[in-house]
Protein chains: 2
Amino acid sequence: MLGGREMRIGQLAQLVGIETQTIRFYEQQGLLSPPDRQENGYRSYTKMHGEQLTFIRRCRKLDLSLVEIHELLSYQKHPHQPCSAINSLLDDHISDVRTQITSLQALENQLVSLRASCSNEREIETCGVLAEISDPKIHS
Amino acid sequence: MLGGREMRIGQLAQLVGIETQTIRFYEQQGLLSPPDRQENGYRSYTKMHGEQLTFIRRCRKLDLSLVEIHELLSYQKHPHQPCSAINSLLDDHISDVRTQITSLQALENQLVSLRASCSNEREIETCGVLAEISDPKIHS
DNA sequence: AAAAACCATATAGTTACTATAAGGTCAATA
DNA sequence: TATTGACCTTATAGTAACTATATGGTTTTT
C-alpha cells in the first residue's frame, strides 16, 4: 500500500501551524487540492497537501491576495511558459506595498502634527485635537 | 420660519463629497444624527448634519475606525472632562500606524529580495521567484 | 402622460478568515 | 455498557466600511 502516512485535518493543521477551518476554506476557494476521504468522510491528506499549504502560507506572509496566489498556482501548472508574468505580478505587488508605505507615512505626519495641537491638561471643550479636526487651520 | 435651508440626502451628499448610501450607513451606525423627515418620508438635513459628516470624513481620512470616531463623538458630548482620553486615543492610533509602516517596510525588503532571485528570461519551470517561495534558502 | 431623476428600504457582495451551531465518529474511561 | 471527550462533518453568520443591487414610491422635467 502506497501512501502510508496520511493525515487527518487536525494533524495537518498542527503541522503547518494553521486552523482546520482555514484549510477547509482554502479547499473551498480552490487553492488547495481536495483530499481523498476516509470511509467515514474524514479528509485524508498527504505530504503534498502539506507542501501546497506551506506555499500558500508563505505567499500570504508576503501579503499576496488569494487571487494572486491562485494566479501563481495556475502558472505552476504550465511550466513551459516565460516567467515574466510571475515577475510582473511581483513587481505590481511591490509597487502596491510602496504606495501603502508612502501614504501611511503621510498619515503619520498628519497625526503627529494633530497630536501636537493639544496637551493632556485641558478639558475636552478646549481640546486642540478635537478643535483641529472640527475646524482645521491652514497648514493642512 | 427657522431653518429655511434644509437639504435632501442627495444635496448633502454632493456638498460633502460622499455617496448617499454612505450617509444612510453612518446614520444606521449611530454616527450621524437621524434627520427629520419630510411628509413624503425623505430625509431633511440641516447645516449641522453637514458639519457632523465633515467631522466623520476627516476622521476617516486620518484612518480612524468608526468605533474610534464613535468614541470621539461621545467625548464631545461631555465637554467638561479632561481631554487626556482623546490624546491617548490618538497616541494609540499613531503607534498603530507606525507598526503598520514598520511591518510593510520589512515586507518590502522581503519582496525586493525575492524579486532579485529571478530575471524575466526564464521559463516558469526554472523561475527563481517560484523556487524561492516553494523552498526558501537560508537568508530569510 | 411618460420618462428621468430622486428618494425609500432591505439585502447581498467585498477580503480572508474566524466563530458558531448542530450533528456524526471514535477512543478511552467509569 | 454508557458516556465523556476529542475529533470530524457541513452550513451559516460575523468581522470593517462601505458599495451595489433589487424593488418600489415621489418628484420633476419633457
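Only heavy atoms go into these numbers, but all of them, side chains included; no hydrogens, no water, no symmetry mates. To find a chain, count down the sequence lines: A is the first, B the second, and so on, and within it residues start at 1. For clarity, every value in this text was computed on a predicted model and none was experimentally measured.
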Would the distance check show the side chain of A:Ser88 and the main-chain N or O of A:Ala85 forming a donor-acceptor pair, the cut-off being under 3.5 Å?
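Yes, the answer is positive, given that a donor and an acceptor are paired below the 3.5 Å cut-off.
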Output yes when at least one side-chain N/O atom of [X] is less than 4.0 Å from OP1 or OP2 of [N], else no.
{"X": "B:Asn40", "N": "C:dC7", "answer": "no"}
{"X": "B:Thr20", "N": "C:dC6", "answer": "no"}
{"X": "B:Arg43", "N": "C:dT9", "answer": "yes"}

For the side chain of B:Arg37, counting heavy atoms from C-beta on, which of C:dC7, C:dA16, C:dA8 is nearest?
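Side chain of B:Arg37 sits closest to C:dA8.
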Select one nucleotide: of C:dC17, C:dT18, C:dA8, the one nearest the side-chain heavy atoms of A:Glu19.
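Shortest atom-to-atom distance from the side chain points to C:dT18.
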Grab the [atom1]-[atom2] distance between [X] and [N] for me, whole Å please.
{"X": "B:Met7", "N": "C:dC6", "atom1": "CE", "atom2": "C1'", "result": "16 Å"}
{"X": "A:Ile56", "N": "C:dA16", "atom1": "CD1", "atom2": "P", "result": "12 Å"}
{"X": "A:Gln29", "N": "C:dA16", "atom1": "CD", "atom2": "C1'", "result": "8 Å"}
{"X": "B:Ile9", "N": "C:dA5", "atom1": "CD1", "atom2": "P", "result": "19 Å"}
{"X": "B:Glu27", "N": "C:dC7", "atom1": "CD", "atom2": "C1'", "result": "13 Å"}
{"X": "B:Gln11", "N": "C:dC7", "atom1": "CD", "atom2": "C1'", "result": "12 Å"}
{"X": "B:Leu12", "N": "C:dA8", "atom1": "CG", "atom2": "P", "result": "11 Å"}
{"X": "B:Gln28", "N": "C:dT11", "atom1": "CD", "atom2": "P", "result": "11 Å"}

What's the spacing between [X] [atom1] and [Y] [atom2] if we round to 0.5 Å?
{"X": "A:Glu121", "Y": "A:Cys127", "atom1": "CD", "atom2": "SG", "answer": "12.0 Å"}
{"X": "A:Ile94", "Y": "A:Leu89", "atom1": "CD1", "atom2": "CG", "answer": "10.0 Å"}
{"X": "A:Glu125", "Y": "B:His80", "atom1": "CD", "atom2": "NE2", "answer": "4.0 Å"}

Could you check B:Gly10 against A:Leu66 and say which one's nearest nucleotide on DNA chain C is further toward the 5' end?
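Looking at the nearest nucleotide for each, B:Gly10 comes out on the 5' side.
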Could you pick out which residue, B:Tyr45 or A:Gln21, lies toward the 5' side of DNA chain C when each is mapped onto its nearest nucleotide?
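In this pair, the answer is B:Tyr45.
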Least distance between heavy atoms, [X] atom then [Y] atom:
{"X": "B:Ser134", "Y": "A:Gln76", "result": "OG-NE2, 3.8 Å"}
{"X": "A:Ile124", "Y": "B:His78", "result": "CD1-O, 3.6 Å"}
{"X": "B:Ser44", "Y": "B:Pro35", "result": "O-CB, 3.4 Å"}

Quick check: on DNA chain D, is the nucleotide nearest B:Gln38 upstream (toward 5') of the one nearest B:Val67, or the reverse? Name the residue that is more 5'.
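By nearest-heavy-atom nucleotide position, the 5'-most residue is B:Val67.
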For the helix from C:dA1-D:dT30 to C:dA30-D:dT1, measure the angle between the helix axis at one end and the axis at the other, each built from five pairs, rounding to 10°.
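Nearest ten degrees gives 40° for this helix.
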Walk along DNA chain D from 5' to 3' and tell me the first and last nucleotide with an atom closer than 4.0 Å to a non-hydrogen atom of chain B.
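Here the contact window of chain B covers D:dA17 to D:dT27.
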If you draw a 6.0 Å radius around CD in B:Gln29, do more than 12 non-hydrogen atoms from other residues or ligands fall strictly inside?
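Above 12, so yes.
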Is it true that atom CD of B:Gln14 has more than 12 heavy atoms of other residues, nucleotides or ligands lying nearer than 6.0 Å?
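At most 12 heavy atoms, drawn from other residues, nucleotides or ligands, come within 6.0 Å of this atom.
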pair A:Phe55-A:Leu73: side-chain heavy atoms closer than 4.5 Å:
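Yes, at least one pair of side-chain atoms sits under 4.5 Å.
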What is the nucleic acid contact for A:Arg24, judged by heavy atoms within less than 4.0 Å: base, sugar-phosphate only, or nothing?
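Base: the residue A:Arg24, judged by heavy atoms under 4.0 Å, touches a nucleobase.
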Touch class at under 4.0 angstrom, heavy-atom based, for B:Arg60 against every strand present
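Sugar-phosphate, no base atom in range.
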